[in-house]
Amino acid sequence: MRKETRHLRMCVVAAIAFAVCPTGPLVQTAAAAGAVVPAAEATSLDPTVQTRHAIAIDGIQLGYTATAGTMRVRLPKTDAEANVFYVGYHKDDEDVATRPITFVFNGGPGSSAAWLHVGALGPRRLLLGDEGAIPEPPARLVDNAQTWLRFTDLVFVDPVGTGFSRAVATAEAGSGGDARPFWGIKSDLRSLAEFIRLYLTRNDRWSSPKYLAGESYGGFRAAALVEVLPVQGGI
């Protein structure tokens with residue numbers, strides 16, 4: 001079981017790379033997002049990669065833009081900082097003022113957004129057997145006819161310490177950084193609320209209808225964020 005889990009994990013990472021950047025730039029971006037650098041160099045650790053794609057659903061072309069990048073968040077009162085990795089999908093030629101946007105979290109709580117990303121909701125999904133069997137390498141992607149991108153833009157978020165989201169190193173924490181300030185229930189919610197606030201601001205999405213989605217512990221996050229977002233971010 002452990003070997004199969006590791007195999008599936010490798011397939012999912014490869015699938016995300018090809019889903020966003022089929023020619024490979026995401027591999028470099030993801031590696032940079034996962035690295036820990038001194039706080040003085042942190043401003044250089046905010047890369048984004050954008051690519052354009054289209055999938056066919058019931059004979060209709062759905063064009064979209066995929067964005068992979070990191071966003072710096074800071075916890076109130078503690079000044080702990082982290083780079084939060086995300087992958088966003090936005091349907092082309094839509095009015096962002098009326099187009100819904102959904103922030104998606106997996107469970108765990110120590111899980112990245114990989115499973116909902118390429119397993120259920122994203123525009124491309126990992127090809128599995130008819131009964132969900134793990135495929136042999138190499139990983140293959142297929143168009144996802146059930147993608148939620150049909151009716152909402154999607155932002156898959158890796159909470160700090162999962163996926164490619166990393167704490168920023170400080171002089172006190174040393175070169176490795178310390179993600180523990182982000183691993184409490186309240187601090188987890190605060191960091192994700194700050195990410196959502198920054199994302200809406202930088203992408204001009206404040207007027208968009210906003211939704212939260214999660215499975216397992218991600219469902220708890222979604223429910224609790226409904227209370228945190230208005231207080232912390234005015235959302």
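Along the sequence shown, residues carry numbers from 1. Note that the structure is a prediction, hence the values are computed from the model and not measured.
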(message) Side-chain heavy atoms nearer than 4.5 Å, only ILVMFWY residues, links allowed to pass through others: does that put Ile57 and Phe151 together?
(response)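 The answer is yes; both residues are in one hydrophobic cluster.
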
Can you tell me if [X] uses its side chain to pair, donor with acceptor, with the backbone of [Y] under 3.5 Å?
X: Gln232; Y: Arg190; result: yes
X: Thr65; Y: Arg52; result: no
X: Ser112; Y: Asp158; result: no
X: Ser208; Y: Ile101; result: no
X: Asn106; Y: Leu116; result: yes
X: Asn203; Y: Tyr199; result: yes
X: Ser165; Y: Phe85; result: yes
X: Trp115; Y: Gly107; result: no
X: Thr48; Y: Gly69; result: no
X: Ser191; Y: Ser187; result: yes

Residues, nucleotides or ligands: over 12 heavy atoms within 6.0 Å of [X] [atom1]:
X: Ile185; atom1: CD1; answer: no
X: Glu227; atom1: CD; answer: no
X: Asp58; atom1: CG; answer: no

(request) Fit a plane to each ring of His53 and Tyr64, take the angle between them on a 0 to 90° scale, and name the class: parallel (under 30°), tilted (30 to 60°) or perpendicular (over 60°). (result)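 Ring orientation of His53 relative to Tyr64: parallel.
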
(request) Classify the ring geometry between His117 and Phe156 as parallel (under 30°), tilted (30 to 60°) or perpendicular (over 60°). (result)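 Answer is parallel, since the angle falls under 30°.
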
(message) The criterion is salt bridge (charged side-chain N to carboxylate O under 4.0 Å, His left out); which residues satisfy it with Arg150, sequence neighbours excluded?
(response)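 For Arg150, no residue satisfies salt bridge (charged side-chain N to carboxylate O under 4.0 Å, His left out) once neighbours in sequence are set aside.
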
(message) Can you list everything that forms a salt bridge (charged side-chain N to carboxylate O under 4.0 Å, His left out) with Asp153? Sequence neighbours excluded, please.
(response)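 Applying salt bridge (charged side-chain N to carboxylate O under 4.0 Å, His left out) to Asp153 gives Arg99, Arg205.
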
Distance, nearest 0.5 Å, that separates [atom1] of [X] from [atom2] of [Y]:
X: Thr152; Y: Tyr89; atom1: OG1; atom2: OH; value: 14.0 Å
X: Arg197; Y: Leu229; atom1: CZ; atom2: CG; value: 11.0 Å
X: Phe105; Y: Leu212; atom1: CZ; atom2: CG; value: 6.0 Å
X: Leu200; Y: Ser207; atom1: CG; atom2: OG; value: 9.5 Å

(message) Can you tell whether the side chains of Arg74 and Glu194 come within less than 4.0 Å, N to carboxylate O?
(response)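 Looking at Glu194 together with Arg74, the answer is no, because their closest N to O distance does not fall below 4.0 Å.
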
(message) I'd like to check Leu154 versus Trp148 (side-chain heavy atoms, cut-off strictly below 4.5 Å). Are they in contact?
(response)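 Yes, their side chains come closer than 4.5 Å.
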
(request) Evaluate the criterion side-chain hydrogen bond (donor to acceptor under 3.5 Å, both in side chains) for residue pair Ser111 and Thr162; output intermediate values, then yes/no. (result) CA-CA 6 Å; Ser111 175; Thr162 73; over 6 Å; no

(message) Under 6.0 Å between ring centres: does that hold for Tyr86 and Phe195?
(response)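 Aromatic pair counts; centres sit under 6.0 Å.
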
(message) Regarding Trp206 and Thr201, do their side chains bring together a donor and an acceptor under 3.5 Å, going by distance alone?
(response)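 Side-chain D/A pair, Trp206 to Thr201: present.
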
(message) Side chains of Asn83 and Arg166: any donor to acceptor distance under 3.5 Å?
(response)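 Note: Arg166 and Asn83 side chains miss the donor-acceptor criterion.
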
(message) With side chain to side chain contact (heavy atoms under 4.5 Å, CB included) as the test, pick out the partner of Arg124 among Leu149, Asp143, Val118.
(response)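 Option passing the side chain to side chain contact (heavy atoms under 4.5 Å, CB included) with Arg124: Asp143.
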
